[in-house]
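Working notes for the structure below.
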Amino acid sequence: MPHFPNVPVIQFEGPASTNPFAFRHYNASERVGNKTMAEHLRFAAAYWHVMRNGLSDPFGAPTALMPWDDGSDSLANALARVPVFFEFLEKSTIPFYCFHDRDIAPEGATLAETHRNLDKVVDALEAQQKQTGKKLLWGTACLFSHPRYSQGAATSPSADVFAYAASQVKHALEATHRLGGSGYVFWGGREGYATLLNTNMKRELDHLATLLHLAVDHAKKIGFTGQFLIEPKPREPSTHQYDSDSAACLNFLREYGLLEHFKLNLETNHATLAGHTMEHEMEVAMGANALGSIDANRGDTLLGWDTDQFPSDLYLTTQIMLRVLKMGGLTSGGLNFDAKRRRESHEPEDLFHAHIGGMDAFAFGLKAAYRIQQAGTLDQFLAKRYASYDGGIGAKIESRATSLDELDQYAQSIVPPVLPSGRQEMLENIFNAQIFG
Ligand code: XUL
Ligand code: CO
């Protein structure tokens with residue numbers, strides 16, 4: 001019996017379609033350059049939002065209607081959710097998914113029972129993957145919901161809590177490996193502090209690095225060759241989170257000898273919480289060859305928290321896809337809809353409207369970004385703007401083959417520099433012209 005009886009498998013009908021259950025831009029097999037849209041975009045659905053997010057907020061109860069869910073935390077209920085999720089993946093045509101261990105399987109009375117619960121649900125996921133061809137983009141461990149993690153997981157002041165977190169990571173990593181996941185994510189929602197009065201920051205950072213090293217070691221041991229990822233976010237739920245933005249994460253990875261093992265999973269709303277644009281965060285990660293994957297959502301400029309809204313801003317999706325194209329594609333990463341419906345959009349079919357909108361917004365962004373790349377005007381402008389470094393004194397500066405003495409002499413010998421315009425508005429017009437199509 002279908003769980004979304006009124007929803008068909010979503011098809012591409014083109015920009016003129018008025019069917020709310022159709023794509024206007026996302027046409028999986030359509031080629032953009034040398035790849036299909038499906039290959040470029042690698043969409044993933046988040047198990048936690050699709051199956052577990054009741055849409056409560058700090059002031060109100062859950063509103064989401066989930067007729068398939070008995071509301072209990074039983075293993076049977078967890079197993080019953082699995083086919084519902086795969087029906088959602090089939091009908092939305094989303095090829096990948098992501099999960100936290102605790103989204104898919106409940107805590108047991110003991111840690112051993114918790115791990116057994118996970119194994120049973122992983123059996124069910126494995127069977128569904130085989131049947132449907134859907135794939136796991138990445139797995140992760142939820143090290144932030146349970147009260148034992150209220151003071152941190154890897155950064156807890158308690159070594160026993162660290163051991164609990166490590167045990168969870170071991171099993172979540174093994175589950176990810178079994179399901180053929182392309183990656184494994186660490187997001188440290190509680191890896192930070194509320195006050196420095198009770199915090200030994202240096203020790204906590206050392207411990208966080210230790211957990212990541214242990215995970216890398218264990219991956220080698222079990223033969224998991226997927227990509228490890230860190231997901232930056234500056235705050236919420238902690239007042240200050242150590243993995244606050246791309247630059248902070250890169251510095252941390254470098255300092256602890258982890259950069260060769262990790263890339264970043266960048267989330268749009270986390271970038272804005274950090275006071276950056278998503279484009280900025282992407283540029284920082286790309287500069288270190290460390291952009292691994294994307295959690296595709298957006299924030300709300302009127303609200304200062306993580307609203308996790310579905311991406312619908314075409315300017316933003318174009319900016320993101322321009323950089324994905326520039327780096328040559330997402331390789332093992334994807335565009336994971338770490339996004340939830342508004343609390344008012346509580347009916348099951350809203351799950352589809354939300355994902356259709358996000359997929360179309362990114363397909364549009366891909367096409368616009370490709371037009372911008374093909375036109376080459378922005379790249380040419382950039383190349384010309386920095387051309388003084390291509391030869392002469394500029395090339396010496398770039399290769400550090402000069403000295404302050406030489407530059408002093410040089411500067412005194414030339415006509416004082418006159419700068420051409422930065423042409424921001426003209427460049428914005430060029431960008432917009434390609435968005436108009
Ligand atoms: C929370 C968030 C997480 C991570 C995975 O803001 O983004 O869902 O993506 O733990
Ligand atoms: Co996320």
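Both counts, for ligands and for their atoms, begin at 1 and track the order of listing.
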field: Pair Lys91 + Glu87, salt bridge at N-O below 4.0 Å
entry: yes
query: Would you say Thr140 and ligand 1 have an N/O pair spaced under 3.5 Å apart?
result: no
Pair Leu179-Val122, side-chain contact (heavy atoms from CB on, under 4.5 Å): steps then yes or no: CA-CA 8 Å; Leu179 293 170; Val122 169; 3.9 Å; yes
- prompt: Is it true that His40 and Phe362 have ring centroids separated by less than 6.0 Å?
  reply: no
message: Only heavy atoms of His100, strictly under 4.0 Å: list the atoms of ligand 1 that pass.
response: 5 (C), 8 (O), 10 (O)
query: Ignoring hydrogens and geometry, is there a side-chain-to-backbone donor-acceptor pair from Glu236 to Asp306 under 3.5 Å?
result: yes
message: Measuring from non-hydrogen atoms of His270 to any atom of ligand 1, is the shortest distance under 4.0 Å?
response: yes
field: Aromatic ring pairing Phe224/His177, orientation class (parallel under 30°, perpendicular over 60°, tilted between)
entry: perpendicular
Interfacing atoms of ligand 1 (cut-off 4.0 Å, heavy-atom, Lys233): 6 (O)
Angle at the Co ion (ligand 2) (to 10°), with one arm to OD2 of Asp295 and the other to OE1 of Glu267: 100°
task: Report yes if some N/O of Trp187 lies less than 3.5 Å from some N/O of ligand 1; otherwise report no.
output: no
Residues Asp338, Glu231; criterion side-chain contact (heavy atoms from CB on, under 4.5 Å); working and verdict: CA-CA 12 Å; Asp338 193 353; Glu231 184 175 328; 4.1 Å; yes
query: Quick one: do the Thr155 and Glu191 side chains pair a donor with an acceptor below 3.5 Å?
result: yes
task: Name whichever N, O or S atom of Glu231 ends up nearest to the Co ion (ligand 2).
output: OE2
query: Which ligand 1 atoms, with their elements, are less than 4.0 angstrom from a heavy-atom of Asp306?
result: 6 (O)
query: Is it true that some N/O/S atom of Asp308, main chain or side chain, lies under 2.8 Å from the Co ion (ligand 2)?
result: no
message: Suppose I only count heavy atoms of Asp295 and a 4.0 Å limit; which atoms of ligand 1 are within that range?
response: 9 (O)
- prompt: What's the spacing between Gln241 CD and Trp187 CH2 if we round to 0.5 Å?
  reply: 6.0 Å
Nearest non-hydrogen protein atom, atom 8 (O) of ligand 1: Asp338 OD2, 3.2 Å
message: Which residue and atom name correspond to the protein heavy atom nearest atom 9 (O) of ligand 1, and how close is it?
response: Glu231 OE1, 2.7 Å
- prompt: Do side-chain atoms of Thr272 reach the backbone of Asn269 as a donor and acceptor pair under 3.5 angstrom?
  reply: yes
message: Below 3.5 Å, N or O to N or O, backbone or side chain included: is there any such pair between Glu267 and ligand 1?
response: yes
query: Which atom, counting only N, O or S, brings Asp338 closest to the Co ion (ligand 2)?
result: OD2
